[in-house]
Amino acid sequence: MLDTAFPKLKLKNKLLLPIVQGGMGVGVSAHSLAGNVAKLGALGTISSVDLRRHHPDLMEQTEKSRDKKLIDAVNLIALDREIKAAKEIAAGNGMIAVNVMRAVAEYAAYVKQSCESGADAIVVGAGLPMDLPELTADYPNVALIPILSDVRGIALILKKWMRRNRLPDAIVIENPQYAAGHLGAAGIDSVNDPHFAFSVVLEGTLKLFQELGIEPGRIPLIVAGGIHSPQQVAELFGMGASAVQLGTAFAVSEEGDAHINFKHVLTGAQPEDIVTFMSCAGLPARAVKTQWLSNYLDKEAKLQSKAGPKDCTVGFDCLHQCGLRDGIAKAGQFCIDTQLGFALKGDVERGLFFRGSEPLPFGNAIRPVRELIDYLLNGINPTLLAAS
């Protein structure tokens, strides 16, 4: 296990390294990545979406099926397997969380399965998880962690949960200006709004705690989005953060669950290659402008002008609301599960590769998670040591 001079992150009476590996689907953060992060004493996160893609026997049952019930059932089996495999790697160290998007159709089922399978925490973004305390009422030892982007959203969750005598065990504050994947902003035009700045949200949240009578330190604040250096980490801790969360940097680590081609696409992307667009989930998203995404964006306006309700292209209906299936013209007009599945397997031509906007800690190098955590928390950069 690694250590650091920074104060530990306390979750459910367990002390962790103050670093969190973000959840990344489809299948990018599964048992290998989450388990190895937890093994070092940090919080590793499995993304719950469509994990059957890591299990050939389950894919054989469902790859050509349009039976939603069957696909949902095998995905719960896959989630159970991934949690147990991650916990085996962690060997009692750290914690294993499961990230469940509020926007997915099987949100409640994923939350309950995660608890039953032994997850230590449930992390929910892509929507407000107002009902998370009720869904997890039978599992009081599971930490509940919403992902939010501004003080308004945090206030809504706190007030709602407090009426149920529950507080979040931590809150992830994700800045949509820098983060990867689905972003917590109303639209592309608002992604860079100054009210999302870490300094603004941290200060406002600490003031909100005071107004609501929540004692200092009771709810750790985990900041996420664009963090890539130990200097940033120290600065954010100085602002009142209790931990930092990273996604892209962990996705390209040696232990990351995605194909090596996936990692090369992310590490090789230049600033001009990273674009923000509307996902079919109705949220802004950020990814690398690969061949598929470039082609899609060229014809996006035409596709949106012809949008109309249709059957799910894969019979999966993975989202509560899907721009392609439901004919929502302002949302993306593509099957996100299919494109993310291609990316997971390293299909550079057809995949959708989510990535944050900022530089990566080790540039285009693919390094172990141990080195990444040690660099961010202790300033030890192995790439510089090797060059000296």
**Student:** Would a 4.5 Å heavy-atom cut-off, applied to side chains only, mark Leu324 and Lys310 as touching?
**Tutor:**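 Yes, at least one pair of side-chain atoms sits under 4.5 Å.
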**Student:** Output yes when Asp3 and Lys8 qualify as a salt bridge under the 4.0 Å nitrogen-oxygen rule, no when they do not.
**Tutor:** yes
**Student:** With side chains defined as the heavy atoms from C-beta onward, is the minimum distance between Arg81 and His31 less than 4.5 Å?
**Tutor:**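 Of all side-chain heavy-atom pairs linking His31 with Arg81, none is under 4.5 Å.
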**Student:** Salt bridge check, Asp337 against Arg53: does any charged N sit closer than 4.0 Å to a carboxylate O?
**Tutor:** yes
**Student:** Can you tell whether the side chains of Asp120 and Lys87 come within less than 4.0 Å, N to carboxylate O?
**Tutor:** yes
**Student:** Could you check Leu51, Ile77, Ile96 and say which one makes a side-chain contact (heavy atoms from CB on, under 4.5 Å) with Glu82?
**Tutor:**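 It is Leu51, the one option of Leu51, Ile77, Ile96 that forms the side-chain contact (heavy atoms from CB on, under 4.5 Å) with Glu82.
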**Student:** Compute the centroid of each ring, for Tyr375 and then for Phe362, and state whether the two points are separated by less than 6.0 Å.
**Tutor:**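 So the answer is yes for these two rings.
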**Student:** So Leu352 and Phe277, do their side chains get closer than 4.5 Å, heavy atoms only?
**Tutor:** yes
**Student:** Check whether any side-chain heavy atom of Leu340 sits under 4.5 Å from a side-chain heavy atom of Leu344, and report yes or no.
**Tutor:** no
**Student:** Leu221 versus Phe209: any side-chain heavy-atom pair under 4.5 Å?
**Tutor:** yes
**Student:** Minimum heavy-atom separation for Phe6 and Val233, please, with both atom names.
**Tutor:** CE1-CG1, 4.1 Å
**Student:** If you measure from SG on Cys318 to CD1 on Ile336, what distance do you get to the nearest 0.5 Å?
**Tutor:** 7.5 Å
**Student:** What distance separates Leu16 CG from Leu43 CG, expressed to the nearest 0.5 Å?
**Tutor:**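 CG of Leu43 is found 6.5 Å from CG of Leu16.
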**Student:** Is Lys68 salt-bridged to Asp72, cutoff N-O under 4.0 Å?
**Tutor:**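 Result for this pair is yes, salt bridge flagged.
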**Student:** Centroid separation under 6.0 Å, is that true for the rings of Trp292 and Phe334?
**Tutor:** yes
